[in-house]
Structure formats: structure tokens, C-alpha cells
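Here is the structure we will look at, set down as C-alpha cells.
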Number of protein chains: 2
Amino acid sequence: MRPLFHPAIEDVRPEAILHALADPARAAIFASITQAGCVQACAALSSLGERVIPKSSLSAHFKVLREAGLIRSERHGVEMRNHSRCDEVEARFPGLLSAILNAYAGVKGCEGAEP
Amino acid sequence: MRPLFHPAIEDVRPEAILHALADPARAAIFASITQAGCVQACAALSSLGERVIPKSSLSAHFKVLREAGLIRSERHGVEMRNHSRCDEVEARFPGLLSAILNAYAGVKGCEGAEP
DNA sequence: TCCCATAGTTCGGAATCTCAGAACTATGGG
DNA sequence: CCCATAGTTCTGAGATTCCGAACTATGGGA
């Protein structure tokens with residue numbers, strides 16, 4: 001188990017962020033971590049929305065988010081704590097994360113509201 | 001040659017936009033169309049940056065942008081005119097496109113500015 | 001009218017990425 | 001010491017992506 005890799009904020013690339021958040025499951029995971037005071041264990045997120053995400057896929061999703069620079073993960077005993085790096089990313093790419101999270105939030109519940 | 005498909009603005013999904021713009025080549029194409037008064041032929045964009053993009057790849061890129069709802073393409077004689085749908089997308093997802101284009105713009109020329 | 005040049009599209013196969021089940025590793029508690 | 005819990009890695013099937021080659025559509029001559 002190699003030590004988790006986290007890119008420095010200046011090495012974070014926009015395409016990696018967009019790729020990471022282009023998957024609705026990952027976007028939901030990231031939104032959850034960000035909104036929940038920036039700390040969440042992995043297992044707590046295995047059933048976002050209506051789908052159950054298998055552990056291996058979840059692990060891969062966290063890896064993508066981590067290597068994109070969106071979250072920071074550290075072991076705490078037997079479990080993993082995931083912090084959102086939203087502040088750092090916001091400083092580097094102003095408005096990006098909030099615009100993306102708003103876009104997803106606006107779509108999820110709003111279809112079919114008009115007659 | 002089937003008639004080009006363009007989604008209605010209310011059918012445009014954030015994940016499609018993020019996926020489309022997660023590729024630097026496509027992001028550059030879209031930025032170019034958007035900045036250039038919203039009209040460009042395909043061939044004019046075959047050598048953005050330092051790489052030459054083959055025609056078939058270019059065609060596929062335009063298709064992704066079109067089906068994501070980011071551009072509108074129409075034949076004009078022998079060539080294709082590509083209009084940016086930035087205004088529509090902006091109305092639906094405020095701040096999204098500008099944040100993404102700014103993120104790319106900020107990265108392209110600015111590495112190694114600090115000592 | 002026929003033929004050619006131009007501008008894009010589609011086809012096909014190799015390379016890459018993604019998903020999820022199974023097996024594995026690491027940590028802490030009894 | 002052994003087991004339970006929490007994640008990670010392995011692996012193979014299926015989906016995507018890339019790009020050259022062949023194809024289609026439009027317009028301008030001869």
C-alpha cells in the first residue's frame with residue numbers, strides 16, 4: 001500500500017478537475033465531502049443517490065478525486081478521512097468549483113417543473 | 001450524412017459539458033469559437049496550440065461539443081459554421097463556462113512565474 | 001454536363017480507460 | 001493470536017478514444 005499521492009496545488013490541472021467531476025457519482029461524492037464540513041469516511045459515501053457503488057469502484061473514485069487535487073485523504077486508525085481541498089482550488093481557479101456544484105445541484109431535482 | 005443533432009438547452013447535462021471540456025484540445029476549440037464572435041469553420045481550428053489535429057479527430061471533437069450543447073453547427077455551402085451556445089448555457093448554468101475557460105487560460109501561460 | 005477540389009463524416013482496428021467482483025493488506029479489538 | 005472492519009490491488013470484460021483510409025456532399029470550372 002503505497003502512501004497516497006496528493007499533487008501540490010500549483011500542479012493541479014483544470015482538465016483533471018473537469019475529468020474528475022464529469023462523473024456524476026464522483027461529483028456527488030465531492031459535493032458531499034465539501035458540504036459535510038470537509039471530512040468524510042469512504043464507507044459513508046457508498047450509497048449516494050439510488051445506486052450502491054461497490055468498494056473497488058469507490059476506491060478508484062477517491063483516487064481520481066485525490067490525484068485531481070480535489071480532496072486530501074489520510075488514514076486515521078482503520079478508516080480514511082477525506083478533506084475537501086475546495087479552498088485551495090478556489091484560490092487557484094476562482095468560481096470553478098461552485099459553478100460546477102451549482103450546475104449539478106440545479107439539475108438534480110428540477111426536471112419537469114414546467115407544465 | 002444524418003442531419004446534425006443539437007440538444008435543447010433544457011436537456012443539456014453538466015456531466016456532458018464537463019466531459020466535453022475536460023479535453024484540452026476541445027476546450028481550446030470551444031474557447032476559440034466563443035472568443036471569435038461565435039462563428040468558425042472547422043478547418044480553421046485544425047492546428048490549435050502546437051499539435052495538428054487530424055480531420056477525423058476534429059470531426060469527433062466537434063460532435064462531442066455539439067452533443068454536449070456547447071456549440072451549434074450548420075452547413076453553409078461547402079463549409080460548416082460553428083456558433084457558440086455560450087449565452088444559452090450561461091443562462092442555464094451561471095458562471096460555469098467562464099470559470100472553466102478562465103481556469104484553462106490561467107494555466108496555459110503562467111507556470112514558472114514564481115522564483 | 002461531367003469532373004475535380006474542398007470540407008467534413010464514417011469506418012475499422014489498436015490502444016486506452018472504466019467497472020465491478022475476487023483476493024489481498026492494514027489496523028485495532030477481544 | 002485471531003478475527004472483523006476499511007480500503008486497495010488485481011483482473012478480465014466491455015466501453016471509449018484516437019487516427020488513417022475510404023466515403024459523401026457541395027460548388028466551381030471546362
Side-chain angles (χ1 to χ4, degrees), chain A residues 1-6 13 15-30 32-33 36 39-68 70-83, chain B residues 1-6 13 15-30 32-33 36 39-68 70-83:
Chain A
M1 242 166 228
R2 50 188 84 96
L4 306 169
F5 170 70
H6 296 91
R13 315 219 117 243
E15 59 262 41
I17 291 181
L18 297 187
H19 169 76
L21 296 181
D23 182 315
R26 279 196 295 263
I29 290 170
F30 178 68
S32 175
I33 292 174
V39 176
Q40 282 289 318
C42 295
L45 298 161
S46 60
S47 63
L48 284 170
E50 55 264 12
R51 275 194 66 210
V52 171
I53 307 174
K55 286 204 308 179
S56 58
S57 304
L58 207 51
S59 182
H61 284 327
F62 276 97
K63 185 179 181 195
V64 171
L65 290 171
R66 194 161 53 230
E67 299 190 345
L70 288 165
I71 64 174
R72 199 179 289 281
S73 311
E74 44 191 69
R75 291 200 85 95
H76 250 251
V78 83
E79 74 187 13
M80 197 68 88
R81 303 273 174 84
N82 295 289
H83 306 244
Chain B
M1 242 169 231
R2 52 189 81 100
L4 305 169
F5 170 70
H6 297 91
R13 315 220 116 242
E15 60 262 41
I17 291 180
L18 297 187
H19 169 76
L21 297 180
D23 182 314
R26 278 196 296 262
I29 290 170
F30 178 67
S32 174
I33 293 175
V39 176
Q40 282 289 316
C42 296
L45 297 160
S46 59
S47 63
L48 285 169
E50 54 264 12
R51 276 192 67 207
V52 171
I53 307 174
K55 287 202 310 178
S56 56
S57 305
L58 207 52
S59 181
H61 285 327
F62 276 98
K63 186 179 179 193
V64 171
L65 290 171
R66 196 162 52 230
E67 299 190 345
L70 288 166
I71 64 174
R72 198 179 290 281
S73 312
E74 44 191 70
R75 291 200 86 95
H76 250 252
V78 85
E79 74 188 11
M80 196 70 87
R81 303 270 174 86
N82 296 288
H83 305 243

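Keep in mind that the numbers below use all heavy atoms, side chains included, and drop hydrogens, waters and symmetry copies. Residue numbers start from 1 in every chain, and the chains themselves are labelled A, B, ... in the order their sequence lines are given, proteins ahead of strands.
Proximity of A:Ser59 to the phosphate of D:dT8: a side-chain N or O atom is located under 4.0 Å from OP1 or OP2. For D:dC18, the OP1/OP2 oxygens have no side-chain nitrogen or oxygen of B:Ser57 closer than 4.0 Å. Contact between the side-chain N/O atoms of A:Ser56 and the OP1/OP2 oxygens of C:dA20 is not found at any separation under 4.0 Å. Proximity of A:Arg51 to the phosphate of C:dA20: a side-chain N or O atom is located under 4.0 Å from OP1 or OP2.
Residue A:Asp23 contributes atom CG, which lies 16 Å from atom P of D:dA15 at whole-angstrom precision. D:dA6 atom C1' lies 16 Å from atom CD of A:Glu74, rounded to whole Å. Rounded to an integer number of Å, the gap from A:Asn82 CG to D:dA6 P is 14 Å. Rounding to whole angstrom units, CG of residue A:Leu58 and P of C:dG21 are separated by 13 Å. For the pair A:Phe62 CZ and D:dT8 C1', the computed distance is 13 Å after rounding to whole Å. Atom pair B:Lys63:NZ and C:dC11:P shows a separation of 9 Å (rounding to whole Å applied). C:dT18 atom C1' lies 19 Å from atom NZ of A:Lys55, rounded to whole Å. Whole-Å rounding puts the B:Arg81 CZ to C:dA7 P distance at 12 Å.
The partner of C:dG30, taking Watson-Crick or G-U wobble pairs whose two distances both stay under 3.5 Å, is D:dC1. Pairing of C:dC3, defined by two Watson-Crick or G-U wobble distances under 3.5 Å, is identified with D:dG28.
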One pair to check against side-chain contact (heavy atoms from CB on, under 4.5 Å): A:Asp23 and A:Val64. What are the steps and the verdict? CA-CA 11 Å; A:Asp23 182 315; A:Val64 171; over 6 Å; no

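Map A:Val64 and A:Gly77 each onto its nearest nucleotide of DNA chain C; the residue landing nearer the 5' end is A:Val64.
To the nearest 0.5 Å, atoms NE2 (B:His83) and CZ (B:Arg72) are separated by 8.5 Å. To the nearest 0.5 Å, atom CG of residue A:Leu65 and atom CD1 of residue A:Ile71 are 5.0 Å apart. A distance of 8.0 Å separates CD1 of B:Ile17 from CZ of B:Phe30, quoted to the nearest 0.5 Å.
Across all non-hydrogen atoms, the minimal contact from A:Ala25 to A:Ile53 is CB-CD1, 4.3 Å.
Side-chain proximity of B:Val78 to the nucleotides D:dT26, D:dC18, D:dA6 is greatest for D:dT26. Of the candidates C:dT9, D:dG7, D:dC18, C:dT9 carries the atom nearest the B:Leu4 side chain, counting heavy atoms from C-beta on. Closest to the side chain of B:Glu79, out of C:dT9, C:dG8, D:dC19, is C:dG8.
Using a 4.0 Å heavy-atom criterion, one finds that B:His19 contacts the sugar-phosphate atoms exclusively.
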